[in-house]
Amino acid sequence: MTEISDPPRYTFKDAEVRWQKAWEDHHCFDAREDQSRPKYYVLEMFPYPSGRIHMGHVRNYTMGDVVARFKRARGFNVLHPMGWDAFGMPAENAAMEQNVHPAAWTWQNIETMRGQLKMMGLSIDWSREIATCDPAYYRHEQKMFLDFLDQGLVYRRESWVNWDPVDNTVLANEQVIDGRGWRSGAEVEKRQLSQWFFRITDFAEELRSDLEKLTRWPARVRLMQENWIGRSEGMRIQFKICDQDQKLEIFTTRPDTLFGASFCAISPDHPIASELADESAELKKFIDECHRLGTSEAVLEQAEKQGHDTGLRIQHPFIQGKTLPLFVANFVLMEYGTGAIFGCPAHDQRDLDFANKYGLPVTPVILPPNTAQETFTIDTEAYTGPGICINSDFLDGLEFDKAKAVIADALETQGTGQREINFRLRDWGISRQRYWGCPIPVIHCKDCGIVPVPREDLPVSLPEDVTFDVAGNPLDRHPSWKHVHCPSCGKAAQRETDTMDTFVDSSWYFARFCSPRSDQPVDQTAADYWMPVDQYIGGIEHAILHLLYSRFFTRAMKKTGWASLEEPFDGLFTQGMVCHETYQSESGQWLSPDDIIENDMGMLVSTADASPVKVGRSEKMSKSKKNVVDPADIIESYGADTARWFMLSDSPPDRDLEWTESGISGAWRFMNRLWRLVYRYPDGIIKPGTDDAWSETDLELRQSIHKTIDGITKDLESFRFNRAVARIYELVNQITDFKAEDNQSSQAVLSEAIETLIVLMGPMVPHLAEEMWSKIGKTGLLANQSWPTVDPAMLIDEMVTLAVQIKGKLKGTISVRRDADQSEVEKIALEEPSIAAALEGKSIAQIIYVPNRILNVVHA
RNA sequence: GCGGGCGUGGUGGAAUUGGUAGACACAAGGGACUUAAAAUCCCUCGAUCGAUAAGAUCGUGCCGGUUCAAGUCCGGCCGCCCGCACCA
């Protein structure tokens, strides 16, 4: 081989474009159903087209691409699509601020970002691209909405919402900051509005119990969903209201504390409260007060328990003649259980706070273990632990768990209570008073009520001639759009002007990718072949909502005949965030990494005025803190492969990754090092020979090759990309150090090493790998090359290094035959000078031998 | 408050799942090449003692335990991070 004195640098600009075109020309990544091959569906959470791609996208899509390319090389028929989560508020904000149409703004962003993603060299089947704002997509969403409506999976009801009086819109809870609208800054009001809901609670139990089937999901995400669904077993109990026919229904998980009840309380939104408020100005005032305070976290944190005595009395179900006062209390939620509770102050902290404030009796009914009843009192701290029932009539002496069952039976026999399971999960409100979303396809008719838009009239498209110069929903004030004839009676009627929550759009896009141009929401044959998604990858921020909604939607689709499975995502991986140090000027202004420079003294200063810069901790890249690095700049200066390599190196993919300049330049240096390595070997390096008379060093390299194949295969299967990267470095170091002898077998080993290295790197740095592949004289695309197979014989070492310990402390290592028997190993170990010296004069008590691992000598 | 996770060199992180702690990389320092710089190549790099050697001792947040053997298992602290939060 000839050493070339000055190898040129790897010219990524030319190479990356060239190989991207080659893949496209050869349709390498087009996916077609093929029943004869095992399929693999890799999906990354699709991006919102905000304008430009950010580092989070680069990390996400690099990981997905590694999996897609790896699986393809392993012989799978891979589906790896991309689309756009294109409806949403930012488009309307842009419309208001920049006077552009949301559609124009969105499609322009898609154009830009598609180009940027293509520069990354992702193995995506672009022929399947979809955008949720395209009527060709959302008409199917409307169709399914109507199917859900037919099946009773959608309903409309009045509900309390956060209303922004300036922007004239409903705000999500996350959009209310300290009681004010996040955009307008106006004090948010509670209003009752008629809203559409998806009946996700129908599936609460199933969504919870099926979590255990999702074995390829992170335990953390499953737990978060489980907590979110929040199942609790308890009882619904009907209390008699004194001097009335009405009953008060409450829900409790602690029927065992029923004898400790000292009051009942209902939510300010409870029907009984509203009824009473009609006759009591004072109560009405109290209820209004509760509404004004709202339920935002900050408020609840400090909010005192407050109540209003209704004057009504409630009959205790088991104690003759005992009655309890009924309060309206600010801490009782209408949305959970029945909106009414009984209060047992001794064993619930909230009830105790309330009782102490209003001077209500506190009767302990659960005695903690190893406590004397005479000395047990409750002061300001409720006892919520386990124990034995006291002061509880027929429950006395029973262990509290047993007591729950006994009293449940008693109530059920009496007919005044039933065992019930309650969930924290609420139905999913999907109405948004927004323009840029999927229109809800119904018509409101004065005579016929709610009439679905006839299916043949779908899609209900958004009108284009809308304005954003005034607050409120443009659909609502559009001159003609909402005025239609009732499809049922033909009289004048109005369209629904609310649009759907954008989470609806992303709840089924994965199914649409299977047959993106079908004139049905999904083509059953295609979906049956491709679904479920085998590997889904995205941010942990979607652990609950998006993933839960998708699980619900898939079930709803199954019920309406659009899906044949329940769980859309078989495997889930949640990637960490991309972080960067933060910089602030002396006056506290955030500075971008581009605005700072290291001065002669090694200090970071502002490029503008050379003033010192405060370096803050590494945080998620965000525009507000200006600690962002634009991926487009990086790809421009270093190429896509360098960016991809850096993304995969060092940090485990589920943890946060810190972006550093030295890290990216290190990755760039490595790209060139590889290029030089391959450049040293002219075209057509030696083909593997039949001669297997390897020298010891030949054998060593061959073993390394196969151990690397084995290791990287396992690493990529289990998302340990950082480990795979380290193995590549190890192999490259070894190849660099390898001195090939002047014979065919030695040359062949080197040849095998380089070839294998290139194939193994293919999924991670595809352009460079193609370039190297072609450089060593290979014809045909590496993208179509299959994954190397492991020679199992090469994984087994003839000799192993064994650690020798004395009383558990390492004293030396010896080299022994693999699986050598204990007596042989002992002999070698005890003859080892350092061991012999350490054991001088000691009598050996025990020797522990773990073959191929360790020999531990224990002396007296 | 409830639930969960994490804690290893100057830094990011490895560690065959109880068996040689620190792989690999970054940063740093030294050297070679060069008129010089960049690039590249070589060496050192957990701490302490020792001479920059041989060697020894200590060392995975802290304290204790189990074990022949603990970063890994158990108990108790400390610190950080995340999720939920008036859910009866």
Side-chain angles (χ1 to χ4, degrees), chain A residues 6-7 9 218-228 230-232 234-235 250-255 257 264-265 267 295 297 299-301 303-305 329-333 335-344 347-351 353-354 384 422-426 540-541 543-544 618 645-646 649-652 654-658 660-667 669-670 672-673 676 711 714 720 722-733 736 801-814 834 845-859:
Chain A
D6 190 17
R9 281 217 177 174
R220 181 159 70 123
V221 174
R222 290 190 290 172
L223 192 67
M224 278 161 75
Q225 292 213 351
E226 187 171 345
N227 292 340
W228 184 264
R231 178 186 197 268
S232 44
M235 294 210 75
I250 65 98
F251 175 75
T252 181
T253 55
R254 294 296 303 271
T257 64
C264 284
S267 160
T295 50
E297 263 177 60
V299 175
L300 293 175
E301 195 99 7
E304 224 186 316
K305 305 278 169 288
N330 64 346
F331 66 92
V332 181
L333 305 174
E335 296 87 352
Y336 186 77
T338 59
I341 60 158
F342 80 77
C344 174
H347 305 292
D348 183 286
Q349 193 59 47
R350 286 163 314 190
D351 296 349
D353 293 346
F354 191 81
T384 56
N422 245 302
F423 295 91
R424 212 190 70 106
L425 184 70
R426 320 259 168 84
I540 187 76
E541 67 273 20
I544 296 175
S618 184
W645 187 252
F646 174 67
S649 311
D650 296 346
S651 291
D654 53 342
R655 279 197 228 172
D656 289 353
L657 169 127
E658 176 158 12
T660 59
E661 193 53 42
S662 60
I664 192 76
S665 62
R669 280 199 302 273
F670 185 62
N672 281 293
R673 199 179 143 202
R676 281 194 305 276
K714 287 171 181 157
R720 288 183 302 183
N722 56 320
R723 193 71 189 80
V725 164
R727 282 188 215 276
I728 292 285
Y729 276 116
E730 282 171 318
L731 184 60
V732 169
N733 289 344
T736 311
T801 306
L802 199 77
V804 182
Q805 298 179 336
I806 293 177
K807 285 186 116 174
K809 297 213 172 198
L810 182 72
K811 290 291 166 184
T813 57
I814 54 173
S834 61
Q846 191 190 358
I847 294 181
I848 289 113
Y849 176 54
V850 182
N852 308 324
R853 292 268 167 83
I854 205 154
L855 185 84
N856 190 8
V857 183
V858 185
H859 60 72

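Naming convention: chains lettered A, B, ... in sequence-line order (proteins, then strands); numbering from 1 in each chain.
Looking at heavy atoms from C-beta onward, A/Arg727 lies out of side-chain contact with A/Val732 at the 4.5 angstrom threshold. Side-chain contact between A/Thr384 and A/Asp348 is absent, with no heavy-atom pair separated by less than 4.5 Å. At least one side-chain heavy atom of A/Arg673 sits under 4.5 Å from a side-chain heavy atom of A/Thr736.
When the P atom of B/A88 is taken as reference, atom CZ of A/Arg254 falls 11 Å away, rounded to whole Å. The distance between atom CG of A/Leu425 and atom P of B/A85, rounded to the nearest whole Å, is 12 Å. The separation between A/Leu223 atom CG and B/C2 atom P is 15 Å, rounded to whole Å. The distance from atom CD1 of A/Ile540 to atom P of B/C6 is 13 Å, rounded to the nearest whole Å. What separates CD of A/Gln805 from P of B/C68 is a distance of 13 Å, to the nearest Å. A straight line from CG of A/Asp353 to C1' of B/C86 spans 10 Å, rounded to a whole angstrom. Rounded to whole angstrom, the span from the CG atom of A/Asn852 across to the P atom of B/U16 amounts to 16 Å. One interatomic measurement links the two molecules: CD of A/Glu658 to C1' of B/A27, which rounds to 13 Å at whole-angstrom precision.
Checked by atom type and distance alone, the side chain of A/Asp351 pairs as donor or acceptor with a backbone atom of A/Cys344 at under 3.5 Å. The backbone N or O of A/Trp228 sits less than 3.5 Å from a side-chain atom of A/Arg424, completing a donor-acceptor pair.
Applying the 90° cutoff around 0 to the glycosidic angle, B/U44 is assigned anti. Regarding the sugar-base torsion, B/G5 falls in the anti class, its angle being beyond 90° of 0.
The gap from the P atom of B/G4 to that of B/C58 amounts to 37 Å, rounded to the nearest Å. Using C1' as the reference atom, B/U57 and B/G3 are 44 Å apart when rounded to the nearest Å. Comparing the C1' positions of B/U11 and B/G19 gives an interatomic distance of 29 Å, to the nearest angstrom. Only the C1' atoms considered, B/C73 is 25 Å distant from B/A23, to the nearest whole Å. A gap of 22 Å separates the P atoms of B/G5 and B/G9, to the nearest Å. The separation of B/U72 from B/G7, taken at their C1' atoms, amounts to 14 Å, rounded to a whole angstrom. Going from the C1' atom of B/U8 to that of B/G46 covers 10 Å, rounded to whole Å. Spacing between B/G50 and B/U67 at atom P, rounded to whole Å, works out to 39 Å.
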Would you tabulate the pairs of protein nitrogen or oxygen atoms and nucleotide nitrogen or oxygen atoms of nucleotides 38-41 of chain B closer than 3.5 angstrom?
residue, atom, partner, partner atom, Å
B/U40, O3', A/Arg676, NH2, 3.4

**OP:** For side chain to side chain donor-acceptor pair (under 3.5 Å), just list the numbers for A/Asn227 and A/Arg222, CA-CA rounded to whole Å, side-chain angles, deciding distance to a tenth of an Å, and then say yes or no.
**Re:** CA-CA 9 Å; A/Asn227 292 340; A/Arg222 290 190 290 172; over 6 Å; no
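Nearest heavy-atom pair across A/Ser649 and A/Val725 is OG-CG1, 3.7 Å. Between A/Asn722 and A/Ser651 the shortest heavy-atom distance is CB-O, 3.8 Å. Heavy atoms only, all atoms of each residue included: A/Val850 and A/Leu802 are closest at O-CD1, 4.3 Å.
Minimum atom distance to the side chain of A/Arg424 is reached by B/A85, of the listed B/C24, B/C68, B/A85.
In this structure A/Ala667 satisfies the side chain to side chain contact (heavy atoms under 4.5 Å, CB included) test together with A/Thr642, A/Trp645, A/Phe646, sequence neighbours excluded.
For RNA chain B, runs of at least 3 consecutive pairs of the Watson-Crick or G-U wobble type, with both hydrogen-bonding distances under 3.5 angstrom, map to B:1-7 with B:78-84, B:10-12 with B:24-26, B:28-32 with B:40-44, B:46-49 with B:55-58, B:61-65 with B:73-77.
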